[in-house]
Amino acid sequence: MVPRPIIIDCDPGQDDAVALFLAISSPDELDILGITTVTGNVPLTLTQRNARMMCDIAGRTDIPVFAGCEKPMVREAITAEYIHGNTGIDGVSIFEPDTPLQEKHAVEFIVETLLDAEKHSVTLVPTGPLSNVGTAIEKEPGILQHVKEIVVMGGAMREGGNRSPSAEFNILADPQAAEIMFACGRPITVMGLDVTHQVLSTRERVASIRALENSVAEATAGMLGFFHRYDTKKYGSEGAPLHDPCTIAWLLKPELFQTRLCNLSVETGSELTMGHTAVDFWHVTDRPHNVHWTHAVDADGFFELLTGRLARFGR
Ligand code: RIB
Ligand code: CA
């Protein structure tokens with residue numbers, strides 16, 4: 001099997017960090033061309049540092065990490081320290097990573113890498129606000145013919161919003177960028193809150209990860225031990241939803257998930273519902289079917305995959 005080339009665009013964040021670990025643990029399936037970072041959960045200066053820290057912890061200081069957009073395409077930046085802590089990855093000890101920050105801007109990296117790639121060959125995996133992706137598409141629409149598909153964490157339908165009553169954080173943080181991406185015409189699989197709220201890092205599941213007794217598992221358990229506080233209090237759930245790792249899990253084992261081809265449109269006019277993802281799940285309009293909306297997951301199978309892959313770091 002030839003590993004699939006991917007670019008992970010993220011805003012670590014504990015859940016982004018676990019997505020990075022899951023991707024790094026799977027070199028037979030995934031060839032990480034680069035990690036691009038963006039202002040999201042915390043400002044860019046921290047998300048880029050956090051991504052580089054995860055590469056260090058996973059023993060992959062060779063992976064190129066890039067800093068991208070410090071702010072959204074149009075709106076002012078919003079962040080989420082109240083969920084992720086002031087570092088963005090509270091639950092793990094902070095250190096200055098050896099993994100270098102690349103000089104090139106993330107948007108330049110995305111554009112140049114895609115233009116150099118075979119047609120329909122590279123998968124984009126955004127797990128934060130879509131500022132880098134939207135800016136790259138606007139700057140150079142020709143990159144799209146080199147994109148195989150996009151697997152994105154963002155949006156919500158039945159779950160409602162988590163940052164506003166009607167909008168999920170990644171989409172609300174840069175709705176104009178999201179609108180550009182969702183209209184790009186390439187295949188898009190969406191991991192919204194409707195599915196990510198089904199994969200909860202319960203105490204038992206975190207204990208199983210901690211029992212692996214390797215540095216990556218230890219960092220994961222520590223971060224999840226912090227990350228679950230906000231969601232368990234807000235939703236009364238049994239653990240924090242592992243939003244971003246759902247994208248990588250889909251790439252590794254798509255049969256864990258159920259999707260439906262339908263239209264997703266982003267609200268960019270109304271302040272009341274800004275960033276809302278209108279998912280036409282029942283095809284009640286004639287809007288183009290631009291996304292595969294994920295609505296169900298085998299949660300036990302997801303954690304079996306995650307735990308099994310994290311165990312690889314101990315070998
Ligand atoms: O709404 C959840 C999403 O926003 C996740 O990607 C989390 O990391 C934050 O970026
Ligand atoms: Ca994220």
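Count residues from 1 along the sequence. Ligands are counted one by one from 1 in listed order, and the atoms in each one are counted from 1 as well.
When the shell of 6.0 Å around CD of E81 is examined, it contains more than 12 heavy atoms from other residues, nucleotides or ligands.
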Nitrogen or oxygen contacts under 3.5 Å, ligand 1 side and protein side:
| residue | atom | partner | partner atom | Å |
| --- | --- | --- | --- | --- |
| ligand 1 | 1 (O) | N162 | ND2 | 2.8 |
| ligand 1 | 1 (O) | E168 | OE2 | 2.6 |
| ligand 1 | 4 (O) | N170 | OD1 | 3.1 |
| ligand 1 | 6 (O) | T127 | O | 2.9 |
| ligand 1 | 6 (O) | N170 | ND2 | 3.0 |
| ligand 1 | 6 (O) | D244 | OD1 | 2.6 |
| ligand 1 | 6 (O) | D244 | OD2 | 3.1 |
| ligand 1 | 8 (O) | D15 | OD1 | 2.7 |
| ligand 1 | 8 (O) | D15 | OD2 | 3.1 |
| ligand 1 | 8 (O) | D16 | OD1 | 2.9 |
| ligand 1 | 8 (O) | N41 | ND2 | 3.0 |
| ligand 1 | 8 (O) | D244 | OD2 | 3.1 |
| ligand 1 | 10 (O) | D11 | OD1 | 3.2 |
| ligand 1 | 10 (O) | D11 | OD2 | 3.0 |
| ligand 1 | 10 (O) | N41 | OD1 | 3.4 |
| ligand 1 | 10 (O) | N41 | ND2 | 3.4 |
| ligand 1 | 10 (O) | N170 | OD1 | 2.8 |

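Ring geometry for H295 against F281 counts as perpendicular: the plane angle is over 60°, on a 0 to 90° scale with 30° as the lower cut. Ring geometry for H243 against H197 counts as tilted: the plane angle lies between 30° and 60°, on a 0 to 90° scale.
In the hydrophobic clustering, where aliphatic and aromatic side chains (Ile, Leu, Val, Met, Phe, Trp, Tyr) are joined below 4.5 Å either directly or transitively, F169 groups with I78, L172, M274.
Put simply, the side chain of N290 never gets that close to the backbone of A183: no donor and acceptor are under 3.5 Å apart.
Each protein N/O/S atom under 3.0 Å from the Ca ion (ligand 2) was counted, for a total of 5.
Looking at P3 and D28, their side chains never come closer than 4.5 Å, going by heavy atoms from C-beta outward.
Cluster membership check: W250 does not share its hydrophobic cluster with F182, using side-chain heavy-atom separations under 4.5 Å among Ile, Leu, Val, Met, Phe, Trp and Tyr. V111 and V65 are members of different hydrophobic clusters when ILVMFWY side chains are connected at heavy-atom separations under 4.5 Å.
Residues satisfying the side chain to side chain donor-acceptor pair (under 3.5 Å) test with R205, not counting sequence neighbours, are D300.
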